[in-house]
Structures are given as C-alpha cells and as structure tokens.
Amino acid sequence: QDMQLNTSKFMQLYAWYSWPNVILCFLGGFLIDRVFGIRLGTVIFSLFVCGGQVIFATGALLNMFWLMEFGRFVFGIGGESLAVAQNTYAVSWFKGKELNLVFGLQLSMARLGSTVNMNIMGWIYSRIQGLVGFPGYTTLGITLMIGSATCIFSLICALILGFLDKRAERILNKEQGKTGEVIKLTDVKDFSLSLWLIFIICVGYYVAVFPFIGLGQVFFIEKFNFSPGEARAINSIVYIISAPASPVLGFLVDRTGKNIIWMLFAVLSTLAAHMMLAFTFWNPWIAMSLLGVSYSLLACALWPMVAFVVPEHQLGTAYGFMQSIQNLGLALISIAAGSILDSSGYLFLEVFFCACVSLALIAVVMLYLVDFLRGGELNLSASARGKLQK
C-alpha cells in the first residue's frame, strides 16, 4: 500500500532473491573450499546480506522499486551461500558428535528469526508511523533500515566466529573447515529415477509453502476478517511450530527410519491443510498448525534421503542441483502466485497450491513404488539400515 504495488510486483521481491541462487547453489561450496576459505567466505557472504538489506531499505525510503529489487538480488547472492558456510562450520566443529542436533538447532534458530520478523516488524512500523505522523514509503524505508540491524549483528557474529575458528586452528592444530563437496555438472546424467523424484517432491512441496506464507497475512485479513496483528500471528505459526519441532522430529525420523512413509504423511497433511484453507471457514489455526508440523516433518525426512541414493562423490552435485531447482521453482511460482491472486483471487490461488502439493504427492507414491521394486532400501527401518551399513 505504501508504494502502491500490486501482488504480482510484491512477489517479484521474493523471486529476485531466488534468481541468483539458481546458479550460486552450485558455486557456494566451491568458493568456500577453493577460493575464500570458510572464515573469509562467511564474512564476504554476510557483507552481501548486509549490503542487500541496506539497498532494499534505501529503495523503499526513496520510493524506487527497481532499487528494492536490486537489493533483494544482492541479498540473495549472500543468503544461500551464507547457509552453506554455516553448515560447513557446523560439520567442522561437530562432525561425529552432535551434528544432527546442531543442524536441527540451526533450522530452529532460522525459524525463530522468521517468527520474530513477522510479529515485530509490524509493531515497529506502527511506532515509526506514530513518530513520522503518517504512513507511506518513508515510514516503510525507516522500518526496513532498522531491520538491517539484524544483518549487522550477523556480520559481527561471522567476524567473531572467524576469530574463534582461527584460534582453535592454532591451539588444537585444527584444519579450516571445508564443505567437502565436489561439484561436477556431468554427474547429472548419472542421477537415478529415485533422485529425480526427490527433486520433484522438493519443488512441488516448497513452492506451496513459502509463497503462501509470503501472501498469507492479507489472505487471513480478507477471508477471515482478522486484524493485521492476528493475521501476522497466525501466518507465523508455521515457523513457531517448526522451531521446537524440527530437532524433535529429526530425532524421531532418525530412530524409526521409514523416510518415505513419514514424507507421505507430511505431504498428505499439507494437502489437507491447504484444502481446509481453500474450501472451509474452519478456524485457520487448525490448518496452519497442521502445516507447521508437516513442514518440519518433510524437511527431516526428505533432505537426508539424497545421501541414500547417490554416491558420496556426487553428494555436492546432488544437493547443489536440488537447491538450484528449488530456487528456480520458488522464483517462477512466486511470480505466478502474484499474477493468479491479482487476476482471480485467493480461492484460485489455493487451488493452485493444492495442485502443486498433489504433484509432490504423486512423486512420493511413485518413489515408494520405484523403491519397492528395487528392494526398498529408501524405506528401511532405522535398525535395518544400521545392519545394512555394517
């Protein structure tokens, strides 16, 4: 409203974050391993994030939408690569010990940050509006500039972490962390049918979650007559649930195995949640809580499966390709979702999201059948997989 944008233009801001990561997902590990090193790489990627957020806020302050798009592009250059650097630090410090717990806690902290952002930034905007005296792009720009403080804090943490890692290297004779990933595009031709189905599940599922959350606040205001504060609260429930649930569900999947079954349950639950939001006026807390649990469960069951279907020397390529097509899907679907909402409304948009989840559901069923015909290794129990690895 402050910049008089339609939904399609607003969703382009999400797309501009994803576009650079269609390519950079392949390059992040290489840059950390071969060019910058983990410490310098983390600082450089943090600088991109800080710079991108400042440019984004400046664009709002000056009412220049193209500058905001450029800021999101710069932010995207650093964002996903910074996640690679973070994972590299985790493996370097915790490999062979509490690594699963550490990864779960990383996801929890990320979701906690998203939750705080959704619920606090609206309050900050209201306070700034009270000081300025009127809403508008100036108020929006100042609010976004205040939000840049978290990116500066992240940069400070990167500098401190680099110092601590350097100190550990000197005292403990510890090597600087590396991703260990070797990216070879030629490996793509050797990917199995099971891996391609995993890619389809990844794209089909996540494009029905992240773009929906991006548009969710207005959806709850318009369909359920919620206040902006109530809409922000319910829209953030997916991340609120994910923060504590991710390590717990990860532990559960580790203990039980049966990844495909857990994934099937997560996708079915997500489809049920979207159908409730689309076709009923039931209390949306039910659907959003179900979506939060399902989202956490799918992440715990899906991403480790890549390591079950590709050799270790192809893991870097497989994960890079998976993140790349996920970002491509998010960029395209974000633009499509904005256009559908502007032209046809929320009901058609929810039907579209149901179709995306249905595609993921078909891929899960096909993966189960393909795996069953090949011996069922992907869907082994934890005890059976442990015996097989011995």
Side-chain angles (χ1 to χ4, degrees), residues 104 107 188 191-213 238 241-242 245-246 248-279 287-310 314-315 318-319 321-330 332-333 337 350-382 384-385 388:
L107 181 60
V188 173
F191 286 169
S192 65
L193 176 58
S194 295
L195 185 58
W196 285 107
L197 290 171
I198 290 172
F199 291 162
I200 293 171
I201 296 165
C202 175
V203 176
Y205 186 87
Y206 284 114
V207 298
V209 175
F210 295 130
F212 170 75
I213 292 173
V238 172
I241 290 174
S242 178
S246 293
V248 174
L249 292 173
F251 178 79
L252 179 64
V253 175
D254 276 344
R255 286 291 182 179
T256 60
K258 301 287 184 181
N259 289 56
I260 298 180
I261 298 300
W262 286 115
M263 203 158 53
L264 179 63
F265 178 76
V267 174
L268 283 171
S269 301
T270 301
L271 182 59
H274 273 295
M275 292 181 73
M276 278 190 272
L277 292 169
F279 303 116
M288 292 301 286
S289 298
L290 182 60
L291 185 60
V293 175
S294 303
Y295 163 75
S296 305
L297 180 58
L298 184 110
C300 295
L302 174 70
W303 291 88
M305 286 181 64
V306 175
F308 299 157
V309 297
V310 298
Q314 291 183 342
L315 272 179
Y319 276 119
F321 195 83
M322 189 169 176
Q323 288 179 296
S324 178
I325 61 172
Q326 180 190 7
N327 277 283
L328 178 60
L330 287 171
L332 294 174
I333 296 301
E350 273 296 341
V351 170
F352 175 69
F353 286 144
C354 287
C356 292
V357 180
S358 297
L359 175 65
L361 178 60
I362 292 169
V364 172
V365 173
M366 289 181 65
L367 180 63
Y368 178 85
L369 294 174
V370 169
D371 181 60
F372 178 78
L373 293 173
R374 294 180 177 178
E377 289 189 13
L378 286 180
N379 208 37
L380 290 174
S381 65
R385 179 165 287 118
L388 186 67

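These numbers come from the heavy atoms of this one structure, side chains and all, not from hydrogens, waters or symmetry mates. Just so you know, these numbers come straight off a predicted model, no measurement behind them.
The heavy-atom pair separating Leu271 from Ser358 by the smallest distance is CD1-OG, 3.9 Å. Across all their heavy atoms, Ala245 and Ser296 have their closest contact at CB-OG, 4.1 Å. Listed here is the closest heavy atom pair of Ala272 and Leu290: CB-CD2, 4.3 Å. Shown here for Ala363 and Ile200, the closest heavy-atom pair between the two residues is CB-CG2, 3.8 Å. Pairing each heavy atom of Ala287 with each of Ala273, the nearest pair is O-CB, 3.4 Å.
The environment of CZ in Phe279 is crowded: more than 12 heavy-atom neighbours from other residues, nucleotides or ligands sit within 6.0 Å.
Counting heavy atoms from C-beta on, the side chains of Val309 and Trp196 never come closer than 4.5 Å. The shortest side-chain heavy-atom distance between Leu277 and Met288 falls under the 4.5 Å cut-off.
Once rounded to the nearest 0.5 Å, the distance linking CG of Leu380 with NZ of Lys258 reads 7.5 Å. With rounding to the nearest 0.5 angstrom, the CZ atom of Phe191 is 6.5 Å from the CZ atom of Phe321. Summarising the geometry, atom CG belonging to Leu361 is positioned 11.5 Å from atom SG belonging to Cys354; distances are rounded to the nearest 0.5 Å. A distance of 13.5 Å separates SG of Cys300 from CE of Met305, quoted to the nearest 0.5 Å. Between the CG atom in Leu298 and the CG atom in Leu249 there is a gap of 11.0 Å [rounded to 0.5 Å].
In this view, Leu193 and Leu197, Val370, Arg374 satisfy the side chain to side chain contact (heavy atoms under 4.5 Å, CB included) rule, not counting sequence neighbours. Under the rule for a side chain to side chain contact (heavy atoms under 4.5 Å, CB included), the partners of Thr256 that lie at least two apart in sequence or sit in another chain are Leu252, Trp262. By the side chain to side chain contact (heavy atoms under 4.5 Å, CB included) test, Tyr368 is found to be paired with Ile260, Ile261, Asn379, residues two or more places apart in sequence or in another chain being considered. Taking the side chain to side chain contact (heavy atoms under 4.5 Å, CB included) definition, one finds that Ala208 meets it with His274, Phe353, Cys356, Val357, sequence neighbours left out. Every residue two or more places apart in sequence or in another chain was checked for a side-chain hydrogen bond (donor to acceptor under 3.5 Å, both in side chains) with Gln323, and none qualifies.
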Inset, instruction - Output, in order, the C-alpha distance, side-chain angles, deciding distance and verdict of side-chain contact (heavy atoms from CB on, under 4.5 Å) for Ser269 and Val293. - result: CA-CA 9 Å; Ser269 301; Val293 175; over 6 Å; no
Legend entry - Candidate pair Ile333 and Phe212, rule side-chain contact (heavy atoms from CB on, under 4.5 Å), full reasoning: CA-CA 10 Å; Ile333 296 301; Phe212 170 75; over 6 Å; no
Inset, instruction - Please report the C-alpha distance between Val203 and Leu330 in whole Å, then the side-chain angles of each, then the deciding distance to 0.1 Å, and finally whether the side-chain contact (heavy atoms from CB on, under 4.5 Å) criterion is met. - result: CA-CA 8 Å; Val203 176; Leu330 287 171; over 6 Å; no
Inset, instruction - Go through Tyr295 and Phe210 one step at a time and tell me if the side-chain contact (heavy atoms from CB on, under 4.5 Å) criterion holds. - result: CA-CA 10 Å; Tyr295 163 75; Phe210 295 130; 3.6 Å; yes
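Applying the side-chain hydrogen bond (donor to acceptor under 3.5 Å, both in side chains) definition to pairs two or more places apart or across chains, those involving residues 199-209 are Tyr205-Thr270, Tyr206-Trp303.
Checking side-chain atoms of Asn259 against main-chain N and O of Leu302 turns up no donor-acceptor pair under 3.5 Å.
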